[in-house]
2 protein chains.
Amino acid sequence: MIDLAILGLLTEQELHGYELKKRLGELLSSRASVSFGSLYPALARLEAQGAVKAVEERTSVPSAPMSGSLVGELAAFRARVRESGLVKGTGRGKKVYGITEHGRERLVELLSDPDVTDDRAFTLRVAFAPHLPDAARLELFERRRTELLRRRDDLRRRESDPGRAGRTHSYLRALLERDAENLAHDLAWLDRLIEAERSADHNGADRSIPVPAPQAHLQEETP
Amino acid sequence: MIDLAILGLLTEQELHGYELKKRLGELLSSRASVSFGSLYPALARLEAQGAVKAVEERTSVPSAPMSGSLVGELAAFRARVRESGLVKGTGRGKKVYGITEHGRERLVELLSDPDVTDDRAFTLRVAFAPHLPDAARLELFERRRTELLRRRDDLRRRESDPGRAGRTHSYLRALLERDAENLAHDLAWLDRLIEAERSADHNGADRSIPVPAPQAHLQEETP
DNA sequence: GTCATCATGTAAGCCGTTACATGATTGC
DNA sequence: GCAATCATGTAACGGCTTACATGATGAC
């Protein structure tokens, strides 16, 4: 999850941890924003694996020092010491990360995972779908579609289960209805996405507005 | 989460762990079913807190032993030893739990928690809403409604953010649309629930079909 | 008599969180 | 100079999962 998010964002732009967290927060509507306590260790782990690398580290002032350059000099010195690798402990200052070739491969690997049962992970994967080859992207959507159909069948089986008809009160019925409607809605959305993907120009031309406005969509069984 | 599920189910019926897990699985559509590894420790914890109590424990054959009663005798002996509390280790056999008065209080407490941000927890709370007084139940729904309205506003603010218009590709737009539609749908469902709650007979009479069919519903702002 | 299912439990580990600790930069 | 924000990290802990270990019951 968090690896996917980090690699996806770093593919688009070099960023440091703090900024990464902000982007993540706005990418996944409020929910799903990770905490620093998991972000920084994850970055360190990915760096150790060679999936990302520290590109730049600014501690000293990038522009001219304002007054007493003593502070700036000291900071620059500390930065140099840190860069030399002598001090590992609490090296502060901005640490900008970029993705490596290995990181790009890892991202595609994560995006290609056949498991599409995790809803939050799927959302993330759609967000980074542009980094997947056309065929793999379509396959991802199709697999998700199969998963949603499976869930719908599960739900219908439960709806028509005679054994529990007695102990299903109104609130349970309401929840069941909500689930069914949500599922149908999600399926319709996915169908639109797949349709757009299929009808898109796959010869390298423009793909700026591939998702059409809500309209009639295909559905194999009755809705 | 798991405490809520256990207490809710045990309020309705005495059950043992294994059965509890099955019920949980069918209650929360496939997703959300807990594993034994968390269920049994949770039961033990709740028992230690006095929220549930072991009602019955059957290890020996309830009916007449079939042939060599030696095995049955041994099992019965072991059951007796276990009941005496001398052996704590691996006491097998069915352990049926029931809820206590304290457990019922705890359930109401969990259902009354002001935090309605957790979607899965809210679903569970609706499932056990009948165990809440009318006023508290309505308050739960209203608080959830406020939370959903907050999320919708968040989403709209993000939709009309000029700063990120550039780096929002088609898939991100599609996700944003999906979120907005899901949210609107959830709100409509909640509004129906609240309306049904308000118009329900709160004088102790029939409440078998309080949730009306989908129809026009109120909404303060434009949809 | 053995296999599937029912039934209970423990241990290790994963993945995330909150709380804590530190320090740099910028605006007033 | 000092507060707010930016920025990075560590430590403790929480809740849940998988894998493991054990045993009972019933069907064939």
Side-chain angles (χ1 to χ4, degrees), chain A residues 1-6 15-22 24 28 31-45 47 54 56-63 65-68 71-79 82 87-97 117-118 120-121, chain B residues 1-6 15-22 24 28 31-45 47 54 56-63 65-68 71-79 82 87-97 117-118 120-121:
Chain A
M1 269 296 306
I2 198 172
D3 289 18
L4 178 61
I6 290 172
L15 293 165
H16 56 269
Y18 194 87
E19 186 88 24
L20 216 39
K21 181 173 148 61
K22 278 201 298 187
L24 235 51
L28 280 303
R31 60 182 171 282
S33 78
V34 295
S35 62
F36 289 123
S38 59
L39 179 59
Y40 285 118
L43 273 171
R45 184 166 30 80
E47 191 178 17
E56 200 187 345
E57 182 168 356
R58 287 166 297 179
T59 302
S60 58
V61 241
S63 54
M66 289 149 77
S67 53
V71 184
E73 285 298 325
L74 180 58
F77 170 74
R78 279 205 283 247
R82 235 174 285 120
V87 175
K88 274 289 176 53
T90 47
R92 301 293 159 169
K94 228 182 282 191
K95 216 169 158 184
V96 178
Y97 288 97
T117 55
D118 186 334
R120 308 213 307 125
Chain B
M1 266 295 309
I2 198 173
D3 289 17
L4 178 60
I6 291 173
L15 293 165
H16 56 269
Y18 195 87
E19 186 88 23
L20 215 41
K21 181 175 148 60
K22 279 201 297 186
L24 233 53
L28 280 301
R31 60 182 170 283
S33 77
V34 295
S35 63
F36 289 122
S38 59
L39 178 60
Y40 285 116
L43 273 171
R45 184 166 30 81
E47 191 178 16
E56 199 186 348
E57 181 169 354
R58 286 166 298 180
T59 303
S60 57
V61 240
S63 54
M66 290 148 78
S67 52
V71 184
E73 285 300 323
L74 180 59
F77 169 74
R78 279 205 283 248
R82 235 174 284 120
V87 174
K88 274 289 176 55
T90 46
R92 300 293 158 169
K94 225 182 281 190
K95 217 168 157 185
V96 177
Y97 288 98
T117 56
D118 186 335
R120 310 212 307 123

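Any value given below was found using the heavy atoms of this structure, including those in side chains, with hydrogens, waters and symmetry copies removed.
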Looking only at the side chain of B:Val34 (C-beta and beyond, no hydrogens), which of the listed nucleotides C:dA7, C:dT17, D:dT17 gets closest?
D:dT17
Rounded interatomic separation in angstrom, taking CG from A:Leu20 and P from D:dC6
15 Å
Any side-chain N or O of A:Lys94 less than 4.0 Å from the OP1 or OP2 oxygen of C:dT25?
no
For B:Tyr97 and for B:Lys22, find the nucleotide of DNA chain C with the closest heavy atom, then tell me which residue's nucleotide is more 5'.
B:Lys22
Round to a whole Å and report the spacing from CG of B:Asp3 to C1' of D:dG14.
13 Å
Per atom distances to the A:Glu19 side chain, the nearest of C:dC6, D:dC16, D:dA7 is D:dA7
Toward the 5' end of DNA chain C, by each residue's nearest nucleotide, B:Ser38 or A:Gly37
B:Ser38
Between P on C:dG16 and CE on A:Met1, what's the gap in Å once rounded to a whole number?
7 Å
For B:Leu4 and B:Ala121, work out which heavy atoms get closest and say how close.
CD2-O, 4.2 Å
Starting the side chain at C-beta, find the nucleotide from D:dC16, D:dT17, C:dT18 nearest to A:Ser35.
C:dT18
CD1 of B:Ile2 versus P of D:dT17: gap in Å, rounded?
7 Å
Could you give the NZ-to-P distance, from B:Lys95 to D:dA24, as a whole number of Å?
16 Å
Taking D:dT17, D:dT10, C:dC6 as options, the one with an atom nearest any side-chain atom of A:Pro41 is D:dT10
Within this structure, what is the NE2-to-C1' distance between A:His16 and D:dG9, rounded to whole angstrom?
14 Å
Which atom names give the shortest non-hydrogen contact between A:Phe36 and A:Tyr18, and what distance separates them?
CZ-CD1, 3.6 Å
Quick one: NZ on A:Lys21 to NE2 on A:His16, what's the gap to the nearest 0.5 Å?
13.0 Å
Taking only the side-chain heavy atoms of B:Tyr40 (C-beta and beyond), determine which of C:dG16, D:dC16, C:dA7 contains the nearest atom.
C:dA7
Could you tell me the separation between the OH atom of A:Tyr40 and the CZ atom of A:Arg45, rounded to the nearest 0.5 Å?
15.5 Å
Separation of atom CG in B:Leu43 from atom C1' in D:dC16, rounded to whole Å:
15 Å
Compare every heavy atom of A:Leu39 with every heavy atom of A:Gly17, then report the nearest pair and how far apart it is.
O-CD2, 3.2 Å
In whole Å, I'd like the distance from the CZ atom of A:Phe36 to the P atom of D:dT5.
14 Å
So does B:Lys21 get a side-chain nitrogen or oxygen closer than 4.0 Å to the phosphate oxygens (OP1/OP2) of C:dC6?
no
